[in-house]
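Predicted model only: the values in this text are computed from it and were never measured. All residue numbers refer to positions in the sequence shown, counting from 1.
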Amino acid sequence: MTSERPVVRGATARTLPAEPRLRPADFRTMMAGFPTGVTVVTTAGRDGVPWGMTLTSLCSVSLEPPVLLVCMRLGSPTLDAVLESRRFVVNLLHSGARTTAELFASGAPDRFERVAWRTDENTSGPHLVQAAHTIADCSVTAHHLVGDHMVIMGGVTGVCGLEGDRPPLLYGLRRFATWPETDGYLSYDFIS
């Protein structure tokens, strides 16, 4: 049996150690170089108490049926409430909502007293009506423990847009940013 070596053109191939010893700080630095949108996931516990946290771990999974996933750290009271209620809301933040992102990342106990939100029997939790450009209501279809996070699959039950053409809030390189202003752009659908 012969062993074939991969052909790499235009780059220098590196041999990785058999068992790489990756420090958490190195992985965090790598992921900081991958800019992403910012969302606040919200829900309500069985007692009606609202919970929420800022996340950048969100991606689409399926178009038919519409499913997305979020990753939430273990030990989070918001995660506990999502698993208990089996419902959650994805609030996609617009470029003017940096203070909301920071507030929900802080864990401040009064965060819902400091933002505008609404909910009713038709929603999966609090809608951040002034901070989000788009909101998706979801029901938990599956969850999987991966390391120190829980990956939660959410079947999207409804979507509403709130802030029109406001660009999304972005996070990368350990700072917030917004979509660059352009005179025109090309539009592509990358959901696969």
Side-chain angles (χ1 to χ4, degrees), residues 24-44 50-63 66-73 76-79 82 87-119 123-138 149-154 156-192:
D26 294 335
F27 185 66
R28 191 174 293 115
T29 298
M30 182 192 95
M31 292 311 299
F34 184 68
T36 185
V38 182
T39 184
V40 172
V41 169
T42 57
T43 192
W51 293 96
M53 65 187 296
T54 301
L55 298 177
T56 56
S57 299
L58 163 76
C59 76
S60 63
V61 175
S62 169
L63 188 58
V67 176
L68 55 77
L69 72 76
V70 295
C71 299
M72 302 174 78
R73 69 173 171 74
S76 161
T78 302
L79 170 61
V82 165
R87 300 172 2 149
F88 64 96
V89 175
V90 172
N91 296 276
L92 300 178
L93 301 187
H94 61 67
S95 59
R98 176 182 176 164
T99 56
T100 301
E102 291 170 337
L103 175 64
F104 279 83
S106 75
D110 65 341
R111 57 190 173 261
F112 281 96
E113 297 168 22
R114 297 165 58 186
V115 297
W117 60 279
R118 70 171 180 252
T119 189
T123 65
S124 297
H127 286 196
L128 304 182
V129 293
Q130 292 179 350
H133 64 79
T134 307
I135 295 173
D137 288 288
C138 303
H149 277 66
M150 187 69 70
V151 178
I152 300 173
M153 300 290 177
V156 179
T157 58
V159 173
C160 65
L162 297 173
E163 286 293 326
D165 293 337
R166 292 198 72 175
L169 182 64
L170 304 175
Y171 187 78
L173 302 175
R174 296 187 176 93
R175 65 180 184 256
F176 290 97
T178 189
W179 204 263
E181 293 291 325
T182 61
D183 292 333
Y185 60 90
L186 296 175
S187 176
Y188 298 96
D189 286 328
F190 286 108
I191 297 175
S192 58

- Spatial distance of atom CZ (Arg98) from atom CG (Leu170) [nearest 0.5 Å]: 12.5 Å
- Glu102 side chain reached by Phe176 side chain, heavy atoms, under 4.5 Å: yes
- Message: Just verifying a value: how many Å separate Thr123 OG1 and Arg87 CZ, rounded to the nearest 0.5 Å?
- Response: 6.5 Å
- Compare every heavy atom of Pro126 with every heavy atom of Ala44, then report the nearest pair and how far apart it is. N-CD, 4.3 Å
- Task: Report the residue from Leu93, Thr54, Val38 that forms a side chain to side chain contact (heavy atoms under 4.5 Å, CB included) with Tyr171.
- Result: Val38
- Item | Validation row: Phe104, Met53 side chains within 4.5 angstrom (heavy atoms) | no
- Between the side chain of Thr134 and the main-chain N/O of Leu92, is any donor-acceptor distance below 3.5 Å? no
- How many angstroms lie between atom CG of Leu169 and atom OG1 of Thr39, to the nearest 0.5 angstrom? 10.5 Å
- Message: Looking at every non-hydrogen atom in both residues, tell me the closest pair between Arg114 and Ala108 and how far apart they are.
- Response: NH1-CB, 4.0 Å
- Task: Please examine the side chains of Met72 and Leu55, heavy atoms only from C-beta on, and report whether any two atoms are closer than 4.5 Å.
- Result: yes
- Task: State, with a plain yes or no, whether a side-chain heavy atom of Ser124 is found less than 4.5 Å away from one of Cys138.
- Result: no
- Message: Main chain of Val129, side chain of Trp117: is a donor-acceptor contact present, judged purely on distance under 3.5 Å?
- Response: no
- Which residue, Asp137, Thr42, Asn91, forms the side chain to side chain donor-acceptor pair (under 3.5 Å) with His127? Asp137
- Item | Flag, side chain of Arg111 to backbone of Gly52, donor-acceptor distance under 3.5 Å | yes
- Item | Inter-residue atom distance His94.NE2 - Thr178.OG1, 0.5 Å rounding | 10.5 Å
- Item | Smallest separation among heavy atoms of Gly125 and Thr119, with atom names | O-OG1, 3.2 Å
- Message: For the OG atom of Ser62 and the CG atom of Leu69, what is their distance to the nearest 0.5 Å?
- Response: 11.5 Å
- Task: Check whether any side-chain heavy atom of Leu128 sits under 4.5 Å from a side-chain heavy atom of Ile135, and report yes or no.
- Result: no
- Could you tell me which residues satisfy side-chain hydrogen bond (donor to acceptor under 3.5 Å, both in side chains) with Arg73, sequence neighbours excluded, listed by chain and number? none
- With a 4.5 Å heavy-atom cut-off, do Trp51 and Val41 have their side chains touching? no
- Task: Applying side chain to side chain contact (heavy atoms under 4.5 Å, CB included), run through Leu103 and Val115 and close with a yes or a no.
- Result: CA-CA 9 Å; Leu103 175 64; Val115 297; 3.7 Å; yes
- Determine, stepwise, if the pair Leu58 / Val90 fulfils side chain to side chain contact (heavy atoms under 4.5 Å, CB included). CA-CA 9 Å; Leu58 163 76; Val90 172; 4.1 Å; yes
